[in-house]
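Inspection log for the structure reproduced underneath, given as structure tokens.
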2 protein chains.
Amino acid sequence: MKSLNKALDIIEMIAQRGSLGIRELSSFVGFPVGTTHRIVATLAKRRFLVQDPASRNYSLSLRFLELGTRVQQQFNLTSIARPYLEKLMQETGESANLAVLDRDDAVYLDHVRSNHMLQLFTRLGARVPLYATGVGKMFLSRLSEQELKDYLARTAMAARTPRTIVNADNLAKELAQIRKAGFAVDNEEMEEGVRCVAAMVFDHMKRPVAALSLSGAVTRITPERIEYFGEMVKQYAIRISESLGFNS
Amino acid sequence: MKSLNKALDIIEMIAQRGSLGIRELSSFVGFPVGTTHRIVATLAKRRFLVQDPASRNYSLSLRFLELGTRVQQQFNLTSIARPYLEKLMQETGESANLAVLDRDDAVYLDHVRSNHMLQLFTRLGARVPLYATGVGKMFLSRLSEQELKDYLARTAMAARTPRTIVNADNLAKELAQIRKAGFAVDNEEMEEGVRCVAAMVFDHMKRPVAALSLSGAVTRITPERIEYFGEMVKQYAIRISESLGFNS
DNA sequence: AAATGCCATTCCATATTGTGGATCAAATCT
DNA sequence: AGATTTGATCCACAATATGGAATGGCATTT
């Protein structure tokens, strides 16, 4: 499967760099120009890439948006949770987000943005590390001791901000605290100036399937209001869980 | 590029059917099981597919959502237009949509939904025919006579609803009317019970780059209010155009 | 106006790579 | 417990991808 792997390399490279000519692309991925061109031509013929007539550069086509939203929709979780996200945003005035666990990342499946100027920049489908986010720590708090250990073994905890938890012991303490409170707080650990409050969503088998969160500027999500936001997120997370057939 | 084409067939098939086992998949795409499995295994290793541990079925991974939203964002049009979509929705109370032309379809790049119960179901990245939608007819109205002729030659105009325009002459008249008014109306031509009003967005080179539209139930977008919605959409389309450097 | 340079595209002989029927393993159904 | 279905693995063969070089087209320069 050498050629397929090359094609996937090319797709990833174009996704990363945006728009590239054959020459640039071939030097970035390290394949000869001829090979690169053949693969790109095939992907373009199949409409997975588009070529800008002016610059002759290739970029990913809107087909990826089409496929991506189909994937999003196949989680029927999304359609069930959507109205709750909207209500939660309206009631609290802060952006509501829904994330799922995918390997060692949390992935944002959906969000409803508040209309405040200052916003955490979460893009749909964006991947964020577990140890540095509210939704991520929520997932981590449900792991067994062994699973957590394995996760830590394969993860380098980089300091995104001065407040990021980069120490296994501190993380363990934090997770214990989260289990006690039933919600997780991201206190400017991912992005300076942004706090996040998250709670778990369960399915009918009582499995943790998603994390619900509120995110906003530190000026609005203040330490005094953390409890309030925590309760709100927990409450809505339960409601979504119940819509999924969860019975406490 | 036989194997790459097969891989793309497989991706498309899974996108279409949702979640498939190797056997089903191989019969749908018509490749032997061994071949199918090898391609699927490679795609899974590269995280473009995920295998459900329980059913052992394969489905598209969230990577497509990630790539898709990246594509969406590379149109910086999206980020520029977003605040206007929101304002337009608030001011009119109806869902605002932004579509671009991609080959012979209009593709929804972004939308802000109203909170009315009855909604036109537009999914991000969804493709809709040009002849049966407001945004589509807006694009058609900018085509030269020859371009329109070519478009008609390769398009079968199927009647989505009793009101869909299926006749070239009627379409030509409609397009003339649109050019005069500066906005296009979709009068239940795509979906019964839904009307749409669209206007053109231009870039700094005065090229038509996108269409802005309002969509809503016939009970709210009534014939008497069409003029009002038309003016609103035109006004906001101009504002977005100006943000793109357009000078009238 | 001609030349230069840059880049995308096309070409083709070679051997590397994918092929797919058969087999094995495991899970699910009867 | 046996039967059946399905996913995973294997391997000899030949079809297919490879990639360096030549071609062609478009701009910018001299």
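The shown structure was predicted, so the numbers you read here are calculated from the model rather than taken from an experiment.
- Rounded to a whole Å, the CD1 atom of Ile39(B) is 14 Å from the C1' atom of dA17(D).
- The aromatic rings of Phe246(A) and Phe202(A) lie parallel to each other, their planes meeting at an angle below 30°, with 60° marking the opposite boundary.
- Here the side chain of Arg23(A) is nearest to one of dC7(C), dA15(D), dG18(C), namely dC7(C).
- Atoms CG (Leu25(B)) and P (dG20(C)) sit 14 Å apart, rounded to a whole Å.
- Of the side-chain N and O atoms in Arg38(A), one or more sit less than 4.0 angstrom from OP1 or OP2 of dT18(D).
- Nearer the 5' end of DNA chain C, as judged by each residue's closest nucleotide, is the contact made by Gly34(A), out of Gly34(A) and Lys6(B).
- Side-chain proximity of Lys2(B) to the nucleotides dT16(D), dG20(C), dG18(C) is greatest for dT16(D).
- Phe64(A) and Phe64(B) have parallel rings, their planes meeting at less than 30° on a 0 to 90° scale where 60° marks the start of perpendicular.
- Phosphate contact (OP1/OP2 of dC7(C), side-chain N/O of Tyr58(A), threshold under 4.0 Å): absent.
- One side chain, Asn97(A) or Ser215(A), offers a donor N or O that lies under 3.5 Å from an acceptor on the other.
- The CZ-P distance, from Phe31(B) to dA15(D), rounds to 18 Å in whole Å.
- In this structure, Leu49(B) atom CG and dA8(D) atom P are separated by 12 Å, rounded to whole Å.
- Close to dA8(D), at under 4.0 Å from its OP1 or OP2, lies a side-chain N or O of Gln51(B).
- The one candidate from Ile80(B), Val201(B), Leu77(B) that meets the side chain to side chain contact (heavy atoms under 4.5 Å, CB included) condition with Ser243(B) is Ile80(B).
- Evaluated for a side chain to side chain contact (heavy atoms under 4.5 Å, CB included) with Leu25(A), the options Asn57(A), Thr36(A), Ile39(A) yield exactly one hit, Thr36(A).
- Counting to the nearest Å, the P atom of dG20(C) and the CD1 atom of Ile10(B) are 11 Å from each other.
- Phosphate contact (OP1/OP2 of dT9(C), side-chain N/O of His37(A), threshold under 4.0 Å): present.
- With rounding to whole Å, Arg56(B) atom CZ is found 6 Å from dA26(C) atom C1'.
- When each of Leu20(A) and Leu4(A) is assigned the nucleotide of DNA chain C bearing its nearest heavy atom, the one mapping closer to the 5' terminus is Leu20(A).
- Note on Val33(A): a base of the nucleic acid sits closer than 4.0 angstrom, heavy atoms only.
- Distance Leu43(A) CG to dA17(D) C1': 15 Å, rounded to the nearest Å.
- For dA17(D), the OP1/OP2 oxygens have no side-chain nitrogen or oxygen of Ser3(A) closer than 4.0 Å.
- Ile22(B) has its CD1 atom 16 Å from the C1' atom of dA27(C), to the nearest Å.
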